[in-house]
Amino acid sequence: MFDKWNVGGIFDIGSLFEPATAIRFSLVLLIKQSRSRIYFGSFSGKLFSSIVKQNIKSGEFGEMPRMSPEFESYLKSIELILAEGQTPDATDFCRFFSVESKIFNKDHLNIEYYDPELIENEELIKSEKWVSLSSVAEVFLPRSTQNSGHNLYSKYFSYPLPNNIPMSDKITNIVLQKGDILIASIGFQKAYLIHDVPPYKELHPSPTFFVIRPKSDAVTPYYLFLYLQSDTARKYAERYKKGVIFQRINLSDLRDFPIVLPDLATQEYSQVIFEKMFLNSGKNQLDLFNDLLFSKIEISEKQVQREFVLEELETVRLHKRDLISSLLKDDFTEINQCLNVNAYKSVLILCGSILEAILLDWLSEIEQRNYFEEEKDPNLSEVIKRLQAQLGEAKDEAVRIKDKRNLVHPRRLLRNLEKIDKKLCANVISDLRVVLHRRGVETS
């Protein structure tokens, strides 16, 4: 086909037949006369004004609904490209780009392969000292056998490994060892590091996972495990993914995967973050997260490694916020119980305590100083003042919570400055949720 026709553009047109299938379709424009540039477009908006109806029994579709305004606008932009050869401006739901025809590769018809951001990511990787994955590790694609035994599926990914993994009728042909890394062949992000000797005579990987076995001191299993799940690695895999229904990277591409060789400090940090994030040391999980966030970490000046470390720190912050959200659910249950039995002063004390803890923790992260371990920490008014840029408009809510908490002091109660009732407490709870949302913590 490509001997007679030229590709003029490739445009994402979304999951046209959802809910029957989530497969995303692309419009490939074929033209007789070659052009100097080939155009690409991606769409992330809503396709139709309502959900496509399907008869579950017959599998037939009903009348297709009207296209959404944003999808109509996207299609008009494609027509403009064809008519005038100009790249329209990006919007909230679509973006366009183009490449010179001479760099087009007919073996890669996926839009991501030509995405400037993904190309730039690969160039950044290869601007530093790097090697292919196969030069520092053996890479296996497990095959099923007719033998029975223990297969490690993703649902058993925990640290330490569970000792009750059931027998499988067909195990794979690879026996896992300490230091092996399993990474999903579909989607590429699900991963597991065999940190210790498996508690089985033989443990085999699931056939849907690649096995990466480090063989060089240039990279540690900890670094490889985290690096292969980093945003840098994800973008590289995104560019070379194969398939429409299940998007995957093949064995050959994985063996050629570029691995940035880390500095010693980056290697050591990888082990520290793995141990604190994944291994159960018996220490409070929140303390482990704070140990990482408040420690003085030596960060490489090399851009990929620097972004890698900063990304891991951001991952720690997100896990920490999830943990705080989980812990606060119990606190809010207690607050609501107090509210229901008219224990209004208890509501104000609890809300004020939560506010103080959350803001002091926030300030500790920003100033890289663990105020929880110091004999004297700044008072709440000072903390709010130092966080005014981060709080933004939520500063007013923080100040109100502080002031209302102070109403429970005996001196203010005796002066009867303000009545503490259910309405006042409900307003304080609402203000607290605003501040927590600003911090990125959700409680419901």
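The analysis underlying the following values was restricted to heavy atoms, covering all of them including side chains, and did not include hydrogens, waters or symmetry mates. The first residue in the sequence is number 1, and the count goes up from there. Bear in mind the structure is a predicted one, so any value in this text is a computation, not a measurement.
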- [ ] Taking atom NZ of Lys215 as the centre, report whether more than 12 heavy atoms of other residues, nucleotides or ligands fall under 6.0 Å from it.
- [x] yes

TODO: For this output row, return yes or no: ring centroids of Phe278 and Phe225 closer than 6.0 angstrom.
DONE: yes

- [ ] Considering non-hydrogen atoms only, spot the tightest contact between Asn151 and Pro205 and give its length.
- [x] OD1-O, 3.7 Å

Using residues 309-318 as the side-chain source, report each donor-acceptor pair under 3.5 Å to any protein atom, sequence neighbours left out, with the distance given to one decimal.
from   : atom 1 : to     : atom 2 : distance (Å)
Glu311 : OE1    : Asp231 : N      : 2.9
Glu311 : OE2    : Asp231 : N      : 2.8
Thr315 : OG1    : Glu311 : O      : 3.0
Arg317 : NE     : Glu365 : OE1    : 3.4

TODO: Identify the heavy atoms of Ser300 and Thr266 that sit nearest to each other, and give their distance.
DONE: CB-OG1, 4.1 Å

TODO: Enumerate the residue pairs fulfilling salt bridge (Lys or Arg N to Asp or Glu O under 4.0 Å) with a member in residues 250-270, sequence neighbours excluded, ordered by first and then second residue.
DONE: Lys242-Asp253, Asp263-Lys302

- [ ] May I ask you to check whether Asn427 and Lys404 show a side-chain donor-acceptor distance below 3.5 Å?
- [x] no

TODO: Assess the side chains of Tyr240 and Glu122: does a donor N or O sit below 3.5 Å from an acceptor N or O?
DONE: yes

Open item on the list: I'd like to know if the side chain of Gln267 pairs up with that of Gln271 as donor and acceptor (distance under 3.5 Å, no hydrogens or angles considered).
Closed with: no

Give the table of side-chain donor-acceptor pairs shorter than 3.5 Å for residues 142-150, with sequence neighbours excluded, one pair per line with atom names and distance.
from   : atom 1 : to     : atom 2 : distance (Å)
Thr145 : OG1    : Asn147 : N      : 3.2
Thr145 : OG1    : Ile171 : O      : 2.9
His150 : ND1    : Ile165 : O      : 2.9

Task: No-hydrogen, no-angle side-chain donor-acceptor test under 3.5 Å, Ser325 and Glu442 - done: no

- [ ] Go through the steps for Phe257 and Ser132 under the test side chain to side chain contact (heavy atoms under 4.5 Å, CB included), then give the verdict.
- [x] CA-CA 5 Å; Phe257 206 101; Ser132 64; over 6 Å; no

TODO: Locate the shortest heavy-atom distance separating Tyr114 from Ile119; write the atom from each residue and the value.
DONE: O-CD1, 3.6 Å

Task: Phe308 ring center near Tyr269 ring center (under 6.0 Å) - done: no

- [ ] Compare every heavy atom of Ile38 with every heavy atom of Ser101, then report the nearest pair and how far apart it is.
- [x] OG-CG1, 3.7 Å

